[in-house]
Visitor: 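Sharing a structure below in structure tokens format, with a few things to ask.
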Amino acid sequence: MAYISTRDKSARVTAAGAIAQGISVEGGLFVPENFPKFQKSDFDKMSLMDYIGRAKYVLGQFLDDFSEEEVDYCVKGAYTGSFDDEQPAPIAKLNGNVNILELWHGPTCAFKDLALQLLPYLLTTSAKKTAKGKKIVILVATSGDTGKAALEGFKDVEGTEIIVFYPSDGVSPMQKLQMDSQKGENVHVCAIRGNFDDAQTGVKVLFTDDEMKKILEENNMEFSSANSINWGRLAPQIVYYVSSYCDMLSNGDDLSNGFNVVVPTGNFGNILAAYYAKKMGVPINKLICASNANNVLTDFINNGTYDRNRKFYTTISPSMDILISSNLERMLFELSGNDDKVVAALQAQLSKEGKYTVSDELKAKIKELFYAGCCDDNATLDTIRDTFNEYGYLCDTHTAVAVNVYNQYEKETGDKRPVLIASTASPYKFAKSVLSAVSDKSADDEFSFVKLLSSITNTAVPAPIAALEDATVRFNDVCDKTQMRETVLECLNIK
């Protein structure tokens, strides 16, 4: 299977090449030239498998330059012993039609674990094929969850260094502590004065910096990415939508008319993975895109204009505080019929003017596939409270945005078919906000909020969160967004 760039179809690489390289040389994102298509017999087989079996079945379609033994090594290494009860993606039911896909049972209590426990295996296996002898430098921009999940996945992985940048005032206290206390000899963490988009833009600039590439080459190093711009991050996310369909079938859900999927998203990767699952044969009806007050995706899906020239909000759902949605580029490539010239022109316009408008034809295709809605912090808190009071189910600030937007969709359309709502993080990663939704009690520090939330809601604190109370902070560096290049060189001990 060949992988091509969204901005230059002539840039063709293998799966290993796409994963090791991370991003194409001209700044485009790698996508499979063709997607596999599953039949009923495939889903029947996977319904009898555990999550590891399903992951091997799905990922094997995309990793055709990996041997069967290599795929087995990667998948088993990632998903054995890393998730609660060996269940990486269990489903909880709110009622007969509403399924909550819990993606936060891994070591960092966020959905990124399902990809970032696997990516180190995929990347090191790929590097042996494409970058023999070179040290791989993982460069990450994070709005909160990716950073910790990547650090945890890559800590002390031989032949790698990982450098994570996060917005100094744009993550929750728990997310910040998770990153700043990370163990590992090859990990580096730095806050930047700016927002996530500043961090993400800075990382992309470094990837395409010819002088930086030369410096790394001289030191026998090579950049790669753990953000969802890397195909090795995105492909594992397809797995949990395929697996969920198998689980819903086994649970007796009536899926004869398909089902809807709701995803709280800022960078568009998680909902794009659901779209790819639909493309491969999972009978998803509507893809419901849920945004917080940073509703650039809602406006784009509804009116066809992507405009990041707007006020940036720091919200209680910080992992969605994003105005430049990188993975939307892959969707534009797909829906334009793999037209790299159209995508390159749109991305150039976004870089220059901060906005673009798609053609009427492309807008119609997007509207047919997606529904988009948003809600502010007050509505998010109301949804946490109402969901807990009605169902006894405690959700975090991102999942609550998804529940709220789903309720908007159902009210507007009357569509009652089964729905799968992606729950992207444990409520304990945002304990102060979640507590304020369900109680008027308060506390003095982050772990007092955690304990009080557990006591009031009679829910268990995840072990990785509880362990942080005694964690030692290792990193407290802060840099300007213009200093990211110098920070990377310093982390790599390059003069």
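Keep in mind that the numbers below use all heavy atoms, side chains included, and drop hydrogens, waters and symmetry copies.
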Visitor: Would a 4.5 Å heavy-atom cut-off, applied to side chains only, mark Y276 and V31 as touching?
Guide: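 Side chain of Y276 against side chain of V31, heavy atoms only: contact under 4.5 Å found.
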Visitor: Using ring centroids (six-membered ring only for Trp), state whether Y393 and F388 fall under 6.0 Å.
Guide: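 No - the distance between ring centres of F388 and Y393 does not fall below the 6.0 Å cut-off.
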Visitor: Got a salt bridge between D382 and R385, using NZ or NE/NH1/NH2 to carboxylate O under 4.0 Å?
Guide: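 Salt bridge flag = yes for R385 with D382.
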Visitor: May I ask you to say whether K9 pairs ionically with E33, meaning some side-chain N is under 4.0 Å from a carboxylate O?
Guide: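 No salt bridge links K9 with E33.
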Visitor: Measuring from M248:CE to L101:CG, what's the distance to the nearest 0.5 Å?
Guide: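 Here the rounded value is 9.5 Å.
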Visitor: How long is the span from the CZ atom in F83 to the CD atom in Q117, to the nearest 0.5 Å?
Guide: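 Here the rounded value is 5.5 Å.
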Visitor: Has D113 got a side-chain atom pairing as donor or acceptor with A149's backbone, closer than 3.5 angstrom?
Guide: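 The answer is no, because no donor-acceptor pair under 3.5 Å joins these two groups.
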Visitor: State whether K93 and D253 are salt-bridged, where the test is any N-O pair (Lys NZ or Arg NE/NH1/NH2 against Asp/Glu carboxylate O) under 4.0 Å.
Guide: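 Here K93 pairs with D253 in a salt bridge, since their nearest N and O are under 4.0 Å apart.
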Visitor: When you measure from the side chain of N294 to the backbone of D321, do you find a donor-acceptor pair of N or O atoms at a distance under 3.5 Å?
Guide: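 Here the side-chain-to-backbone pair does not exist.
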Visitor: Looking only at non-hydrogen atoms, find the nearest pair between T265 and L297 and report the distance.
Guide: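 In this case the closest contact between T265 and L297 is O-CD1, 3.9 Å.
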Visitor: Hey, are R54 and D247 close enough for a salt bridge, meaning a charged N less than 4.0 Å from a carboxylate O?
Guide: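 Between D247 and R54 there is a salt bridge, with a charged N closer than 4.0 Å to a carboxylate O.
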Visitor: Taking R417 first and then D415, would you say they form a salt bridge - that is, a charged N and a carboxylate O separated by under 4.0 Å?
Guide: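 Answer for the salt bridge query: yes.
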Visitor: Should the pair K148 and Y166 be classed as cation-pi, given the thresholds of under 6.0 Å to the six-membered ring centre and 45° from the axis?
Guide: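 Not satisfied by the 6.0 Å and 45° rule.
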Visitor: Spell out, as yes or no, whether a donor-acceptor pair under 3.5 Å connects the side chain of T142 to the backbone of G147.
Guide: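 Such a contact is found between T142 side chain and G147 backbone.
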Visitor: N292 and side chain to side chain donor-acceptor pair (under 3.5 Å): which single residue from T298, T397, T315 fits?
Guide: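 Considering T298, T397, T315, a side chain to side chain donor-acceptor pair (under 3.5 Å) with N292 is found only for T315.
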Visitor: Give a yes or no on whether a salt bridge exists between K112 and E152, defined as a side-chain N under 4.0 angstrom from a carboxylate O.
Guide: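 Not counted as a salt bridge, because no side-chain N and carboxylate O are separated by less than 4.0 Å.
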Visitor: Is it the case that the side chain of R7 and the backbone of A344 share a donor-acceptor pair, with hydrogens and angles ignored and the cut-off at 3.5 Å?
Guide: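 Side chain of R7 to backbone of A344: no pair is present.
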Visitor: Kindly compute the distance separating OH (Y409) from SG (C289), expressed to the nearest 0.5 Å.
Guide: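 Separation between the atoms: 14.0 Å.
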Visitor: Any donor-acceptor pair under 3.5 Å linking the side chain of N97 with the backbone of K416?
Guide: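 Confirmed, N97 side chain pairs with K416 backbone.
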Visitor: Are F268 and F370 near enough that their ring centres are under 6.0 Å apart?
Guide: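 Yes, ring centres under 6.0 Å apart.
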Visitor: Tell me the salt bridge (charged side-chain N to carboxylate O under 4.0 Å, His left out) pairs involving residues 196-208, sequence neighbours left out?
Guide: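 Output for this query lists D198-K481.
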Visitor: Is it the case that over 12 heavy atoms from other parts of the model lie below 6.0 angstrom from the CD atom of E361?
Guide: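 For E361, atom CD is not crowded (no more than 12 foreign heavy atoms under 6.0 Å).
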Visitor: Give a yes or no on whether a salt bridge exists between K56 and D72, defined as a side-chain N under 4.0 angstrom from a carboxylate O.
Guide: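 Between D72 and K56 there is a salt bridge, with a charged N closer than 4.0 Å to a carboxylate O.
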